[in-house]
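Remarks on the structure that follows.
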Amino acid sequence: MGKFGVLLLAVVMGAGVHAGESDERIERSRELSQQLQQQLGAKLMAAMKAEGPVHAIDVCHLEAPLIGEQVSTAGEVEVRRTAVRYRNPANAPTQQQVAVMEQFAEQLKQDPSQVPETLVTLDNGEQHYMRAIVMQPQCAACHGHSVKEPVLQAIAEKYPNDQATGFKVGDLRGAFLVKWMSEE
Ligand code: HEC
């Protein structure tokens, strides 16, 4: 993804959280999402090289939640991915997450050099960090405009309601989601 520019939208909106703590959370959340990105990316690209994209679909399906769990800390923080147009229904976003991603897409259009991120405080005291996932050339085999057979077929079998094709490089593909549990 090249250099990571930083762009903060609405930062702290809730009460009871000091700005310094939020800065720390943003920093930590960024690290966690980058860990998921790097580890999953490495697994995916190794699988693509060794056995091709059809096999790599299974690797993505199995490894994404596993690596997410590994970088999460039980009871404290949960790290995963979501998207407006998702492939796996388990990754479906909430209305609020959709709104954040729509904002991210807009920001990316205006300044493609910055990867949008934000930290939102919910009414229940939980804080959710989100960071844009930008479509790269190496994603096209499975998320691009002309996904080829037999990849298309393999995706259709596993994900009959897939919405995650038709993206072009630089588009917002989705977002990392880092959920911090409430401390109370
Ligand atoms: C080999 C095919 C393949 C490649 C290459 C691939 N993906 Fe995926 N992607 C998948 C599959 C399969 C899923 C669904 C995983 C699951 O079952 O949780 C997925 C899910 C996702 C999700 C989670 C939201 C959703 O739609 O369910 C995001 C975000 C995502 N991919 C982004 C990317 C990005 C960015 C790249 C390139 C760096 C990429 N993918 C490369 C196959 C691929």
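Small disclaimer: the values here were computed from a predicted structure and weren't measured. As the structure lists them, so they are numbered: ligands from 1, and atoms in each ligand from 1.
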N/O donor-acceptor pair under 3.5 Å between [X] side chain and [Y] backbone:
X	Y	answer
Thr165	His145	no
His128	Val120	no
Asp111	Ser113	yes
Gln34	Gln38	no
Thr121	Gln127	no
Arg85	Gln163	yes
Gln110	Gln107	no

Using a 4.0 Å heavy-atom cut-off, say whether [X] meets ligand 1 through its side chain, its backbone, both or neither.
X	answer
Met48	side chain
Ala141	neither
His61	both
Leu44	side chain

Less than 3.5 Å between some nitrogen or oxygen of [X] and one of ligand 1, yes or no?
X	answer
Gln138	no
Asn88	yes
Gln136	no

Residue pairs, two or more places apart or on separate chains, that pass salt bridge (charged side-chain N to carboxylate O under 4.0 Å, His left out) and touch residues 88-99:
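Those involving residues 88-99 do not exist here.
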Which ligand 1 atoms are under 4.0 Å away from a heavy-atom of [X]?
X	value
Ala56	1 (C)
Cys142	1 (C), 2 (C), 3 (C), 4 (C), 5 (C), 42 (C), 43 (C)
Ile133	29 (C), 35 (C)
Pro53	1 (C)
Tyr159	12 (C), 14 (C), 15 (C), 16 (C), 17 (O)
Asn91	18 (O), 23 (C), 24 (C), 25 (C), 27 (O)

Report yes or no: does His143 have an N/O/S atom closer than 2.8 Å to atom 8 (Fe) of ligand 1?
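Given the 2.8 Å cut-off, His143 counts as a ligand of atom 8 (Fe) of ligand 1.
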For atom 34 (C) of ligand 1, which candidate among Gly174, Cys139, Ala164, Pro65 provides the closest heavy atom?
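That would be Cys139.
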Heavy-atom proximity to atom 19 (C) of ligand 1, best of Pro89, Gly144, Cys60
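Among Pro89, Gly144, Cys60, the closest heavy atom to atom 19 (C) of ligand 1 belongs to Cys60.
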I'd like to check the side-chain hydrogen bond (donor to acceptor under 3.5 Å, both in side chains) partners of Gln70; sequence neighbours left out, ordered by chain and number.
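Not a single residue meets the side-chain hydrogen bond (donor to acceptor under 3.5 Å, both in side chains) criterion with Gln70.
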Set out, in order, the CA-CA distance, both residues' side-chain angles and the distance that settles side chain to side chain contact (heavy atoms under 4.5 Å, CB included) for Phe176 and Leu32, then state yes or no.
CA-CA 9 Å; Phe176 293 105; Leu32 289 169; over 6 Å; no
